[in-house]
A.B. asks: 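The structure under discussion is supplied below as structure tokens; questions concerning it will follow.
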Amino acid sequence: MHRQPLIIPLVWLALAACSRQQNARPEGQGQSAGTVHAQPDSQAPATASGTSYGAAAAKLTDMCPLAPTKLVQTLVPNAGAPEKERYPLRCTFGNGKNALGLTIDNGPPDPINGADAVSGLGQAAYLERLDPHARGDVYLTVVLGPDANGTNYNLHVEVAAHDGKDHKDDAIAVARKVLAQLK
């Protein structure tokens with residue numbers, strides 16, 4: 001089987017994830033002007049053992065079953081079998097042109113410089129535009145909160161369709177479907 005067409009979106013996803021880490025706000029730095037914290041999701045109450053999303057994320061061993069099938073089919077038509085990773089927990093769908101990546105990691109809960117706040121997802125959510133010119137491909141980070149040990153978890157949704165359409169709403173819809181299954 002020839003896998004070269006999938007390599008380019010996967011490399012692109014990896015580079016975007018690296019740039020997200022570089023854009024993360026250093027610990028202790030104040031909030032920049034114009035950045036607004038998203039409101040916590042009322043569906044994810046904090047418990048004595050952490051938040052329900054963070055606690056559920058800590059127990060996951062496979063990200064792919066959480067992928068919303070209909071949205072995957074819409075965003076990545078004719079996608080091949082998903083590429084799975086265990087560390088970090090990742091599931092990537094691609095068809096040689098489009099890619100959808102879902103990742104859960106235990107990164108910081110900090111706001112992301114230059115990202116737009118998105119309300120109603122997890123404890124906070126931030127949307128980054130991956131291409132400053134086309135502005136269609138997006139990377140959404142949802143702060144899930146801590147598990148019972150106080151380790152924070154984040155959900156990342158990346159939509160890279162390279163079609164010039166704005167995929168902000170698509171990334172948010174995917175995140176909502178994943179969060180619904182984390183309860």
Side-chain angles (χ1 to χ4, degrees), residues 12-47 50-58 60 63 66-68 71 75 88-92 99-147 150-183:
W12 191 75
L13 285 170
L15 290 174
C18 290
S19 71
R20 184 263 184 248
Q21 290 298 327
Q22 291 173 349
N23 288 334
R25 181 174 304 222
E27 189 174 351
Q29 183 177 356
Q31 185 174 343
S32 63
T35 303
V36 178
H37 283 285
Q39 296 299 314
D41 188 337
S42 61
Q43 303 300 317
T47 65
T51 63
S52 60
Y53 289 146
L60 287 176
M63 189 69 206
L66 298 180
L71 285 169
L75 296 170
L89 200 55
R90 180 175 292 143
C91 184
T92 305
L100 172 65
L102 302 171
T103 305
I104 287 188
D105 65 17
N106 57 355
D110 302 330
I112 299 168
N113 286 336
D116 297 328
V118 178
S119 63
L121 295 172
Q123 290 187 343
Y126 305 97
L127 183 87
E128 298 172 86
R129 302 289 180 165
L130 297 177
D131 182 345
H133 304 290
R135 298 190 51 81
D137 297 343
V138 296
Y139 191 87
L140 176 66
T141 299
V142 179
V143 178
L144 300 176
D147 65 3
T151 301
N152 185 69
Y153 284 85
N154 295 321
L155 165 66
H156 306 278
V157 177
E158 182 167 6
V159 180
H162 313 291
D163 59 6
K165 296 178 184 174
D166 187 351
H167 291 285
K168 173 183 176 179
D169 292 339
D170 296 325
I172 291 170
V174 169
R176 287 190 193 288
K177 294 284 187 181
V178 171
L179 291 174
Q181 295 181 70
L182 276 177
K183 292 181 185 180

A.B. asks: Could you tell me which non-hydrogen atom of Y126 sits nearest to which non-hydrogen atom of P111, and how far apart they are?
C.D. replies: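 Here Y126 and P111 meet closest at CZ-CA, 3.6 Å.
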A.B. asks: Rounded to the nearest 0.5 Å, how far does CG of D105 lie from CG of L144?
C.D. replies: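 Taking CG in L144 and CG in D105, the distance rounds to 9.0 Å.
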A.B. asks: Distance check, rounded to the nearest 0.5 Å: Y139 atom OH versus I112 atom CD1?
C.D. replies: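 Those atoms lie 7.5 Å apart.
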A.B. asks: A175: what forms a side chain to side chain contact (heavy atoms under 4.5 Å, CB included) with it, not counting sequence neighbours?
C.D. replies: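 For A175 the side chain to side chain contact (heavy atoms under 4.5 Å, CB included) partners, ignoring immediate neighbours, are L121, L140, V142, L155, V157.
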A.B. asks: Considering non-hydrogen atoms only, spot the tightest contact between P108 and N152 and give its length.
C.D. replies: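 Where P108 meets N152 most closely, the heavy atoms are C-ND2, 3.7 Å.
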A.B. asks: Could you grab the distance from atom CG of D163 to atom CG of D137, nearest 0.5 Å is fine?
C.D. replies: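 Taking CG in D163 and CG in D137, the distance rounds to 7.0 Å.
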A.B. asks: Can you name the closest pair of heavy atoms from Y53 and L179 and give their distance?
C.D. replies: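 Scanning both residues, the minimum pair turns out to be CE2-O, 3.4 Å.
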A.B. asks: Are any non-hydrogen side-chain atoms of M63 and T103 less than 4.5 angstrom apart?
C.D. replies: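 No, their side chains stay 4.5 Å or more apart.
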A.B. asks: Could you grab the distance from atom CD of E128 to atom CG of N113, nearest 0.5 Å is fine?
C.D. replies: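 Going from the CD atom of E128 to the CG atom of N113 covers 9.5 Å.
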A.B. asks: Given 3.5 Å as the limit, does a donor-acceptor pair link the side chain of D147 with the main chain of G54, or not?
C.D. replies: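 No; judged by distance alone, with no hydrogens or angles, the pair does not exist.
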A.B. asks: Could you give the distance from CG (L127) to CD1 (I172), rounded to the nearest 0.5 Å?
C.D. replies: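 L127 atom CG to I172 atom CD1 measures 6.5 Å (nearest 0.5 Å).
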A.B. asks: Holding to side chain to side chain contact (heavy atoms under 4.5 Å, CB included), I want the full list of residues that pass it with A173, two or more places apart in sequence or in another chain.
C.D. replies: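 Result, side chain to side chain contact (heavy atoms under 4.5 Å, CB included) vs A173: L71.
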A.B. asks: Identify, with sequence neighbours excluded, every residue that meets salt bridge (Lys or Arg N to Asp or Glu O under 4.0 Å) alongside D166.
C.D. replies: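 If we apply the salt bridge (Lys or Arg N to Asp or Glu O under 4.0 Å) test to D166, skipping adjacent residues, the hits are R129.
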A.B. asks: Provide the closest heavy-atom pair for P146 versus Q123 in the form atom of the first, atom of the second, distance.
C.D. replies: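 For P146 versus Q123, the nearest heavy atoms are CD-NE2, 4.0 Å.
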A.B. asks: The criterion is side chain to side chain donor-acceptor pair (under 3.5 Å); which residues satisfy it with D170, sequence neighbours excluded?
C.D. replies: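 Side chain to side chain donor-acceptor pair (under 3.5 Å) list for D170, sorted by chain: H167.
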A.B. asks: Going from OG1 on T141 to CD on E158, what distance comes out if it is rounded to the nearest 0.5 angstrom?
C.D. replies: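 Result: 9.5 Å between the selected atoms.
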A.B. asks: Going by the rule side chain to side chain contact (heavy atoms under 4.5 Å, CB included), which residues pair with A56 if we only count those two or more places apart in sequence or in a different chain?
C.D. replies: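 Expected list: L182.
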